[in-house]
Amino acid sequence: MQHSIRQFSKHEGESVTIKGWISNKRESKTNIFLVVRDGSGFAQAIVSLDDVGEEQFESAKRLTQESSVELTGKVIKDERQIGGYELHVEKLNIIHISKDYPISNKAHGVKFLADNRHLWLRSRKQWAIMRCRNAIIMAIHDFFQSRGFVQMDSPLLTGSACEGTTDLFETEFFGKPAFLSQSGQLYAEATAMAMGKVYTFGPTFRAEKSDTPRHLAEFWMIEPEMAFYNNEMNMDLIESFTRHVVSQVVEKCQLELNMLGRDIAMLEKVNQTFPRVTHSEAAKILRGEVEVNGKNAITVQEEDLAAAKKAIEEKQAKIEENEATIKGGVKKGKRNYLQNQIDQLKGEIKKLEETCRNIPKWIESAKNFPDGEDFGGSDETVLTRVFDAPVMVYNWPTKIKAFYMKEVEGDPTHVKGVDLLAPEGYGEIVGGSERETDIDILIRKIEEHELPQEEFEWYLDLRRYGSVPHAGFGLGLERMVRWICGLDHMRETIPFPRRYGRILP
RNA sequence: GCCUCCAUAGCUCAGCUGGUUAGAGCGGCGGACUGUUAAUCCGUAGGUCCAAGGUUCAAGUCCUUGUGGGGGCGCCA
């Protein structure tokens with residue numbers, strides 16, 4: 001019977017058979033250590049000459065990285081191993097010998113890895129990310145399903161730009177122009193009026209030429225929409241939703257988060273009330289006019305800059321020290337070791353120098369942030385650095401938000417929108433609002449945004465027939481994955497990223 | 001679209017103010033080693049230094065243009 005590595009803990013001492021691939025191999029005269037992966041996990045398997053005999057031992061020597069095998073052996077507890085168990089092989093059957101697998105266990109550049117994405121997914125880090133992504137997806141469904149939400153899919157092909165703001169991918173629908181959907185939001189409002197509480201879960205397409213760590217051209221968005229909800233209820237839901245998803249991943253993906261080196265203590269900070277600030281309060285915090293928990297946004301950046309400069313000096317000193325040691329004359333092995341350390345330090349310095357070039361620009365942008373404008377990418381980073389927990393920014397300037405957002409009572413210059421900004425500089429992961437219910441205001445807004453009203457007649461019908469207060473939000477799945485996994489870039493958050501300049505593989 | 005950094009072996013990178021025959025690690029191959037954790041050690045093969053033009057006695061190194069890439073910003077979510 002075939003078993004999975006994930007289930008090893010339930011089969012301690014038993015003989016099991018697994019099928020998988022070799023992710024690494026170490027050899028000595030009488031033992032061969034294989035790191036095997038079967039999709040469910042990674043485990044070390046030991047092929048010992050005494051256990052398998054000469055013939056099988058020799059064939060095990062032929063195994064290369066990513067060769068496929070069937071292994072039968074005993075599950076033994078060993079605290080030193082990744083999953084806590086290892087396999088003492090009794091029988092080995094080679095399925096296929098891999099030749100010249102391109103991805104080694106050493107560092108690679110992002111271009112090379114992206115070109116080899118179809119193979120890169122086999123690597124430990126990518127495996128761990130995809131497991132977390134899966135857990136996040138499950139937690140999202142679980143959260144909504146257990147609260148009576150109905151999943152209602154929105155169309156992927158649309159006849160016009162839903163919100164009229166973004167660049168869309170154009171395609172063709174039986175001879176007529178059509179677009180790939182940039183949002184399911186308006187359709188979710190319609191289905192919420194039918195089902196009460198709904199959520200969409202589907203792909204979304206944006207044709208902007210955005211080349212940043214926060215953007216993909218194709219990504220997955222979750223858009224809950226609730227009838228009889230105002231923005232306060234919306235914010236409460238966003239908070240408990242985020243807490244639920246993060247907690248589920250922390251609980252179910254300990255091994256994976258560990259492999260990613262994620263600081264779980266940072267994630268557990270979702271177990272506190274999320275700070276809520278208005279857009280204009282956030283602007284003051286950003287400019288350093290108001291402090292949060294004794295932290296000044298500008299000062300924090302200046303400290304980061306000073307720390308980076310200091311780190312460069314320390315690494316520089318270490319390089320000089322190594323160079324002096326080498327010059328003094330050492331054995332070859334030692335010399336290479338020191339030289340490699342120098343090369344690594346040089347790489348780290350390059351990254352730090354980039355940081356030193358960027359932070360002053362960020363500080364400049366934050367200090368001069370004008371009231372009533374949208375935050376830039378760096379502004380979000382600077383702002384969230386002063387908070388531990390995710391922050392909700394609400395009551396946004398009307399002119400920078402979509403036409404359907406409800407105006408704040410008595411203040412038409414602001415709307416009841418809310419963005420959730422993740423901590424540690426990961427930026428916006430959720431954007432939501434209470435929707436406008438008054439048909440006259442909505443028609444006026446459609447005109448102001450120069451949108452074709454005839455295309456929105458069906459949407460206006462939602463206000464003609466039993467218009468009710470309602471609210472909802474949109475979550476970018478990959479942004480959530482990026483934050484929870486602690487990744488530098490969104491390109492690692494989805495199996496096959498589609499972004500500006502990348503359609504293969 | 002703008003700013004900035006970069007392009008050297010299959011991969012990751014050194015190569016200073018131009019100067020004989022361009023280096024290391026990983027990976028490959030051969031060998032050593034009784035449990036290794038990106039194992040280690042010894043040996044070995046592997047290069048049109050992104051392209052085109054220019055400066056110079058001499059260019060991987062300097063200049064111009066192009067192409068490709070990283071980081072930041074913008075657009076945007």
Side-chain angles (χ1 to χ4, degrees), chain A residues 23-35 42 44 46-50 64-65 76 78 80-82 86 88 99-116 123-124 163 165-167 182-183 185 204 206-217 219 221 223 319 323 326 331-347 350-362 364-365 374-381 400-402 419-421 427-432 473-479 488-490 500-502:
Chain A
S23 77
N24 201 8
K25 183 177 78 168
R26 288 175 285 270
E27 277 181 69
S28 73
K29 199 169 191 174
T30 56
N31 286 311
I32 298 171
F33 302 93
L34 304 170
V35 178
F42 290 75
Q44 174 161 279
I46 295 115
V47 183
S48 172
L49 182 58
D50 295 340
T64 54
Q65 198 187 353
I76 303 291
D78 187 325
R80 293 167 294 183
Q81 305 308 326
I82 304 174
E86 60 180 12
H88 287 230
K99 264 217 172 83
D100 300 326
Y101 185 70
I103 302 175
S104 71
N105 284 320
K106 282 274 180 165
H108 293 283
V110 286
K111 166 85 160 61
F112 178 81
L113 291 170
D115 287 341
N116 289 286
S123 304
R124 284 184 197 209
E163 300 177 14
T165 50
T166 53
D167 291 325
Q182 53 143 337
S183 164
Q185 134 103 59
T204 305
R206 302 281 167 91
E208 281 107 17
K209 293 176 178 174
S210 305
D211 191 12
T212 84
R214 307 183 296 284
H215 292 86
L216 292 171
F219 61 98
M221 192 146 73
E223 291 175 291
I319 287 173
E323 280 172 343
I326 290 170
K331 280 203 288 187
K332 192 183 169 186
K334 177 81 172 166
R335 190 188 69 219
N336 288 341
Y337 172 78
L338 291 171
Q339 189 57 49
N340 283 339
Q341 209 173 46
I342 289 174
D343 289 351
Q344 200 190 327
L345 288 165
K346 281 182 180 173
K350 273 189 185 173
K351 274 193 181 166
L352 286 164
E353 281 171 346
E354 236 149 24
T355 304
C356 290
R357 278 195 291 272
N358 291 330
I359 292 181
K361 292 187 218 163
W362 295 4
E364 206 54 31
S365 167
D374 204 356
F375 298 124
S378 67
D379 297 330
E380 286 180 0
T381 304
I400 60 169
K401 286 292 186 185
D419 279 9
L420 180 74
L421 307 180
E428 180 186 348
I429 52 175
V430 164
F473 63 91
L475 163 79
L477 176 64
E478 286 75 16
R479 287 188 171 178
D488 288 339
H489 206 292
M490 291 246 287
Y500 182 55
R502 169 69 64 179

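Each chain gets a letter, A, B and so on, in the order its sequence line appears, and its residues count up from 1. Any value given below was found using the heavy atoms of this structure, including those in side chains, with hydrogens, waters and symmetry copies removed.
- If you take atom P in B:C62 and the same atom in B:C6, they sit 10 Å apart, rounded to whole Å.
- With A:Q65 contributing its side chain and A:I103 its backbone, the two residues share a donor-acceptor pair below 3.5 Å.
- Within 4.0 Å (heavy atoms only), A:D419 reaches no atom of the nucleic acid at all.
- Look at B:C75: it lacks any Watson-Crick or wobble partner with both distances under 3.5 angstrom.
- The base-pairing partner of B:C13, taking Watson-Crick or G-U wobble contacts with both distances under 3.5 Å, is B:G23.
- Between B:C57 and B:C2, the two C1' atoms lie 43 Å apart (nearest whole Å).
- Here B:G71 is the nucleotide among B:G68, B:G71, B:U34 with the atom lying nearest to any side-chain atom of A:N358.
- Residue A:D211 contributes atom CG, which lies 15 Å from atom P of B:C3 at whole-angstrom precision.
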Step by step, work out the side chain to side chain contact (heavy atoms under 4.5 Å, CB included) result for A:K99 and A:T64. CA-CA 7 Å; A:K99 264 217 172 83; A:T64 54; over 6 Å; no
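- Rounded to an integer number of Å, the gap from CG of A:D379 to P of B:C76 is 15 Å.
- Across all strands, A:I429 comes closer than 4.0 Å to no nucleic acid atom at all (heavy-atom distances).
- Checked by distance alone, A:Q44 brings a side-chain donor or acceptor within 3.5 Å of a matching partner on the base of B:U36.
- On the P atoms, B:U20 is 12 Å away from B:A59, given to the nearest whole Å.
- Although no hydrogens or angles enter the test, the distance criterion places no donor-acceptor pair under 3.5 Å between the side chain of A:R214 and the main chain of A:R479.
- Listed candidates were B:G74, B:A77, B:G35. Nearest to the side chain of A:S210 is B:G74.
- Rounded to a whole angstrom, the distance from the P atom of B:G18 to that of B:G31 is 47 Å.
- Following rounding to the nearest Å, A:F112 (CZ) and B:C26 (P) show an atom-to-atom distance of 17 Å.
- No contact: A:Y101 has no heavy atom under 4.0 Å from any strand.
- Between B:G28, B:C33, B:G74, one nucleotide has an atom nearer to the side chain of A:T212 than all others, and that is B:G74.
- Here the P atom of nucleotide B:C73 and the CZ atom of A:R357 are 14 Å apart, to the nearest Å.
- A 4.5 Å side-chain heavy-atom check between A:R502 and A:D115 finds at least one atom pair inside the cut-off.
- Between A:W362 and A:H88, the residue whose closest nucleotide on RNA chain B is further toward the 5' end is A:H88.
- Side-chain atoms of A:R214 lie closest to B:C73 of the nucleotides B:C3, B:C73, B:G27.
- Counting any heavy atom pair closer than 4.0 Å across all strands shown, A:I359 reaches no nucleic acid atom.
- Counting heavy atoms from C-beta on, the side chains of A:R124 and A:N24 never come closer than 4.5 Å.
- Side chains of A:T30 and A:D50: a donor-acceptor N/O pair is absent below 3.5 angstrom, by distance only.
- A:G474 comes within contact range of no nucleotide atom at all, as no heavy-atom separation falls under 4.0 Å.
- Protein atom NE2 of A:H215 is 10 Å distant from nucleotide atom P of B:C73, rounded to whole Å.
- Between the A:E86 side chain and the A:I46 main chain, no donor and acceptor come within less than 3.5 Å of each other.
- Between the CG atom of A:D100 and the C1' atom of B:A9 there is a distance of 15 Å, rounded to whole Å.
- Residue A:F33 is in base contact, counting any heavy-atom pair closer than 4.0 Å across all strands shown.
- Each of B:G35, B:U12, B:G72 was ranked by its minimum atom distance to the side chain of A:H108; first place goes to B:U12.
- When the P atom is used for both B:A77 and B:G66, the distance is 33 Å, rounded to whole Å.
- Look at A:R26 and you'll find a side-chain N or O under 4.0 angstrom from OP1 or OP2 of B:A39.
- When the C1' atom is used for both B:G72 and B:C13, the distance is 24 Å, rounded to whole Å.
- Ranked by how close their nearest RNA chain B nucleotide is to the 5' end, A:H489 and A:E380 are led by A:H489.
- Applying the 3.5 Å distance criterion, the base of B:C26 shares no donor-acceptor pair with the side chain of A:S104.
- Atom pair A:E353:CD and B:G72:C1' shows a separation of 15 Å (rounding to whole Å applied).
- Regarding A:D50, its CG atom lies at a distance of 13 Å from the P atom of B:G35, rounded to whole Å.
- Between A:R26 and A:N31, every side-chain heavy-atom pair lies at or beyond the 4.5 Å cut-off.
- Of the listed nucleotides (B:G35, B:G70, B:C33), B:G70 has the atom at the smallest distance from the side chain of A:V110.
- A 3.5 Å limit on both hydrogen-bonding distances identifies B:G66 as the Watson-Crick or G-U partner of B:C50.
- Of the C1' atoms belonging to B:U12 and B:U17, the separation is 28 Å, rounded to the nearest Å.
- Residues A:E223 and A:S183 meet the side-chain proximity criterion, which asks for heavy atoms closer than 4.5 Å.
- Judged by Watson-Crick or G-U wobble contacts below 3.5 Å, the nucleotide B:C41 has B:G31 as its partner.
- Under 3.5 Å, the side chain of A:E27 and the base of B:G31 form no donor-acceptor pair of N or O atoms.
- Between the P atoms of B:U65 and B:C26, the separation comes to 41 Å (whole Å).
- When distances are taken from the side chain of A:K361 to each of B:G68, B:C5, B:G71, the shortest belongs to B:G71.
- Using a 4.0 Å heavy-atom cutoff across all strands shown, A:G109 reaches sugar-phosphate atoms only and no base atom.
- Side-chain N/O atoms of A:K29 include one lying less than 4.0 angstrom from OP1 or OP2 on B:C33.
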